[in-house]
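The structure under discussion appears below in the form of structure tokens.
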Amino acid sequence: MVDDLRSRLASWVRSSPGTHIWLLIIGITSLVIASASEGLEAFLLHRTSSNIHELNQHPLQSLLISGFWIQNPSSFLLYAVLFELIHANVERWVGTLRWLWTVGVAHIAATLTSQKLLLLAIEDHRAPRAMRHVVDIGVSYGLAAAAGLLVHRFPRPWRRLALAGVVLFFAVPLLTGATFTDVGHAIAAAIGLACRPFARGRPPWDFAAVRRRLGGLSRSAAGRRAAPAPSRCRPRRGSR
């Protein structure tokens, strides 16, 4: 049973290599942040941010590197769960290249657009100039895009419910005092939803088959519990 579990885990990782390589890098950078001094931590977080200052100084580098760090290392386990539930399922479904294109374009577009809006707010004196150096790192834009694309994997009528959930999750903050990151999340989710052509010809989840499989497993387990235990008594020998 242990060998079977290991085989299933290995197959899962091989089927979504991009997700797990990305997660491994985030784990390493999280360890770096967790073990760094306060001054070094502040330097790393600002140096790897895709904020206005870094985009002006190192545009390509900041766009790329910012997607491999999270600000709070204690959140790594939460992100690991989200990666397995969202990124891994999308990558296995549409393929690594299509998944990577969706996530990459969403990360870049959401970052550039949200930072441009922040710059306009600073120039109009609606935001402090210190926001040019704000810490802007993380993987949430990619997660938002993957969640948008994953909506198309739900079969009808569940797809409408999934769509409503994603729209509400990312649209409500826009109506209740949006920050520049809220705008970025909404843009990324919209890009993921717009990547529906990537799902063309890909089968949606078969929830009926899952229910049948789970029902078969439960009946099998119930049968094993109900089966009589074998007798340990030896049969009597006939008399002579």
Side-chain angles (χ1 to χ4, degrees), residues 1-24 26-27 67 70 75-107 109-110 138-173 184-224:
M1 188 172 182
V2 174
D3 291 339
D4 182 60
L5 179 59
R6 289 177 179 174
S7 177
R8 289 175 180 269
L9 289 175
S11 176
W12 175 263
V13 172
R14 286 195 299 268
S15 66
S16 49
T19 296
H20 292 93
I21 292 173
W22 191 3
L23 191 58
L24 176 62
I26 294 171
I70 56 177
S75 302
F76 174 75
L77 290 180
L78 173 61
Y79 281 112
V81 172
L82 293 175
F83 267 54
E84 298 297 343
L85 291 177
I86 300 176
H87 278 310
N89 274 299
V90 172
E91 185 180 1
R92 295 180 76 225
W93 185 45
V94 301
T96 299
L97 291 180
R98 294 182 177 186
W99 162 80
L100 184 61
W101 192 95
T102 302
V103 171
V105 168
H107 173 75
V139 299
S140 56
Y141 291 161
L143 277 169
L149 182 54
L150 190 62
V151 165
H152 302 298
R153 192 176 185 185
F154 285 81
R156 294 185 176 88
W158 304 106
R159 188 176 304 169
R160 292 182 179 179
L161 293 176
L163 176 60
V166 168
V167 170
L168 286 174
F169 186 84
F170 292 107
V172 168
H185 289 143
I187 292 171
I191 290 174
L193 288 169
C195 288
R196 183 178 180 180
F198 285 170
R200 192 168 298 154
R202 308 282 175 165
W205 269 314
D206 188 351
F207 290 159
V210 173
R211 285 196 298 269
R212 289 194 299 268
R213 191 178 301 116
L214 292 176
L217 290 175
S218 62
R219 286 192 296 270
S220 176
R224 287 196 297 270

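One is the number of the first residue; the rest follow in order along the sequence. Remember, predicted model here, so these are calculated numbers, not experimental data.
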Just how far is it from atom [atom1] of [X] to atom [atom2] of [Y], taken to the nearest 0.5 Å?
X      : Y      : atom1 : atom2 : result
Trp99  : Leu149 : CH2   : CG    : 11.5 Å
His185 : Phe169 : NE2   : CZ    : 8.5 Å
Arg159 : Leu150 : CZ    : CG    : 11.0 Å
Tyr79  : Ile86  : OH    : CD1   : 11.0 Å
Leu85  : Thr19  : CG    : OG1   : 11.5 Å
Ser11  : Arg92  : OG    : CZ    : 6.5 Å

side-chain contact (heavy atoms from CB on, under 4.5 Å) for His20 and Glu91? Distances and angles first, verdict last. CA-CA 10 Å; His20 292 93; Glu91 185 180 1; 5.8 Å; no
Start with the C-alpha distance between Leu193 and Leu163, add both sets of side-chain angles, then the distance that settles side-chain contact (heavy atoms from CB on, under 4.5 Å), and finish with yes or no. CA-CA 9 Å; Leu193 288 169; Leu163 176 60; 3.8 Å; yes
Are Asp206 and Pro155 side-chain neighbours, meaning at least one heavy-atom pair lies under 4.5 Å?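 Sidechains of Pro155 and Asp206: no contact.
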Side chain to side chain, Arg196 and Val151, heavy atoms closer than 4.5 Å: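 No, their side chains stay 4.5 Å or more apart.
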Say whether, by atom type as modelled, one donor and one acceptor occur between the side chain of Trp158 and the main chain of Trp205 under 3.5 angstrom.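 Pair absent, no side-chain N/O of Trp158 close to backbone of Trp205.
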Take a 6.0 Å sphere around CZ of Arg160 and say whether it holds more than 12 heavy atoms from other residues, nucleotides or ligands.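 Counting neighbours around CZ of Arg160, 12 or fewer heavy atoms of other residues, nucleotides or ligands fall under 6.0 Å, so no.
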Would the Trp101 and Phe198 ring centres measure less than 6.0 Å apart?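 That pair passes the under 6.0 Å test.
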Ring-plane angle category for His107 and Tyr141, please: parallel below 30°, perpendicular beyond 60°, tilted otherwise.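 Correct class here is tilted.
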What are the two closest heavy atoms between [X] and [Y], and how far apart are they?
X      : Y      : value
Ala88  : Trp12  : CB-CZ2, 3.4 Å
Val139 : Gly67  : CG1-O, 3.2 Å
Cys195 : Thr102 : SG-OG1, 3.7 Å

Between His152 and Trp93, is the side-chain contact (heavy atoms from CB on, under 4.5 Å) condition met? List the steps. CA-CA 11 Å; His152 302 298; Trp93 185 45; 4.0 Å; yes
Begin from the C-alpha positions of Trp22 and His87 and carry the test side-chain hydrogen bond (donor to acceptor under 3.5 Å, both in side chains) through to its verdict. CA-CA 10 Å; Trp22 191 3; His87 278 310; over 6 Å; no
